[in-house]
Amino acid sequence: MLMSILAVVAVCAAAGGWVVYQHTYDLREERVTIPGASQPLQGVLALPEHGEGPFGLVVFVHGDGPKDATGETFYRPIWESFAAAGYASLSWDKAGINGAPGNWLDQSMTDRSAETLAAIEWARTRTQIDPDRIGLWGASQAGWVLPKVAAQDSRLRFVIAVSPAVNWLQQGRYHTLAELRERGATRAEVDDALARRENTLALLERAATFPEAEAAGVTGLTADRWRFIQKNYTADATADLAQVRIPVLLILAEHDLNVDIADTERTYRAQLARPGQLQVQSYSDARHSLVRKSIEDSAVKSYLTALAAPRSLFAEGFLADQRRFVEDRRADE
């Protein structure tokens, strides 16, 4: 009996050690305060584990939702891959998250672009950072922020756009229909969803208040979220993309229910037409977040993989392809 108990303890200790190891990254993370935006940003500067720099820098721009600086730890494997290529990473808590001042739902995409530009200017003052080797990484809703920033800051070196949105209204319609299609909705259910969508759009166009929207049948939103949508529902990245002059890596997931990847790729190719400017990587076993479809579709697999092997959450090649992309930018210097 004693030997059995000791064996169980040993297995548990080994499992615990493995989990700790899997969540230990080759990084030096430093909490930082970034001034210059409408309010100070609470951030994390993730430096390569060794060396004094100056390092190149990848500035992270969040997608939708109440994200902290680490993306709920989701970013750390990506930071590690950039660190292996000699790049630091910079990210910050969204307003109102993790004790940060403000409310991220009060922000427009222009507001988010302004805070990103402020973070870049702050980063250029840091001795660990090479001010002329800074690029952008962003996912989903960041698709409306990355082109604005890249068009305004001519010193930036590259953009990595992961499952980026282009047009708010087109994306929303696609998302509605894709989810209905995946769960096998009836024609009547589709027609009802589209009618409710048209009703919501009419309310937005006449600047209805949240109580008016609720009275007109809009459900599932808070007052803050309604105001956020009002600020941003006309967002379209097309014109800003046309002003981008630097290399762009567009990353797409073939099982994306949020973004119409065919439309996104078509728009990026049309607007980023300089020879060699655009690279496109598409992943066949991936959802919108670039987590493997085979994992994301199972709550149990998602939990166990996030716990025991977080680097394996992502589609095969996702981390390595981004690392090669930033390494190639160093070769371009």
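We use all heavy atoms of the structure for the numbers below, so side chains are in, but hydrogens, waters and symmetry mates are not. All values reported here derive from a predicted model rather than from experimental measurement.
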Heavy-atom closest contact ([X] atom, [Y] atom, distance):
X: Pro40; Y: Pro101; answer: O-CG, 3.9 Å
X: Thr305; Y: Ser312; answer: CG2-C, 4.0 Å
X: Lys67; Y: Ile97; answer: O-CG2, 3.6 Å
X: Thr24; Y: Arg311; answer: O-NH2, 3.1 Å
X: Ala83; Y: Leu27; answer: CB-CD2, 3.6 Å

Is the [atom1] atom of [X] crowded by more than 12 outside heavy atoms at less than 6.0 Å?
X: Arg28; atom1: CZ; result: yes
X: Glu72; atom1: CD; result: yes
X: Tyr303; atom1: OH; result: no

With a 3.5 Å distance limit and no angle check, can you tell me whether [X] reaches the backbone of [Y] through a side-chain donor-acceptor pair?
X: Gln271; Y: Thr267; result: no
X: Gln128; Y: Leu47; result: no
X: Glu80; Y: Asp26; result: yes
X: Gln277; Y: Val244; result: yes
X: His255; Y: Ser284; result: yes
X: Ser302; Y: Ile295; result: yes
X: Thr200; Y: Arg196; result: yes
X: Gln230; Y: Ala208; result: yes
X: Asn232; Y: Met109; result: yes
X: Glu115; Y: Asp111; result: no

Between [X] and [Y], does any side-chain N to carboxylate O distance fall below 4.0 Å?
X: Asp93; Y: Arg31; value: yes
X: Asp328; Y: Arg324; value: no
X: Arg155; Y: Asp132; value: yes
X: Arg124; Y: Asp153; value: yes
X: Asp297; Y: Arg287; value: yes
X: Arg76; Y: Glu29; value: yes

Subject >> Residues in side chain to side chain donor-acceptor pair (under 3.5 Å) contact with Glu205, at least two apart in sequence or another chain >> reply: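 Checked Glu205 against side chain to side chain donor-acceptor pair (under 3.5 Å); zero matches.
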Could you tell me whether the side chain of [Y] reaches within less than 4.5 Å of the side chain of [X], counting heavy atoms only?
X: Asp64; Y: Trp104; answer: yes
X: Gln171; Y: Trp168; answer: no
X: Phe318; Y: Ile78; answer: yes
X: Leu252; Y: Val259; answer: no

**OP:** Would you check, one step at a time, whether the test side chain to side chain contact (heavy atoms under 4.5 Å, CB included) holds for Asp321 with Tyr283?
**Re:** CA-CA 11 Å; Asp321 290 340; Tyr283 299 90; 2.6 Å; yes
Subject >> Check: His62 ring centroid to Phe74 ring centroid under 6.0 Å >> reply: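 Between Phe74 and His62, which both carry aromatic rings, the centre distance is not below 6.0 Å.
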Original post:
Relative to the ring of Tyr75, is the ring of Phe60 parallel (under 30°), tilted (30 to 60°) or perpendicular (over 60°)?
Top reply: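 Ring orientation of Phe60 relative to Tyr75: tilted.
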In this structure, would [X] and [Y] fall into the same cluster of hydrophobic residues linked by side-chain contacts under 4.5 Å?
X: Leu250; Y: Ile160; result: no
X: Phe82; Y: Leu319; result: yes
X: Ile134; Y: Val159; result: yes

Subject >> Arg329 NZ/CZ over Phe325 ring centroid, <6.0 Å and within 45° of normal >> reply: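 Positive - Arg329 is close enough to the ring of Phe325 and near enough to its axis.
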Original post:
About how many Å separate OG1 of Thr222 and CZ of Arg225, when rounded to the nearest 0.5 Å?
Top reply: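 Spacing of CZ (Arg225) from OG1 (Thr222) equals 8.0 Å.
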Residues [X] and [Y]: side-chain donor-acceptor under 3.5 angstrom:
X: Asp236; Y: Thr238; result: yes
X: Ser289; Y: Glu296; result: yes
X: Gln170; Y: Asp260; result: yes

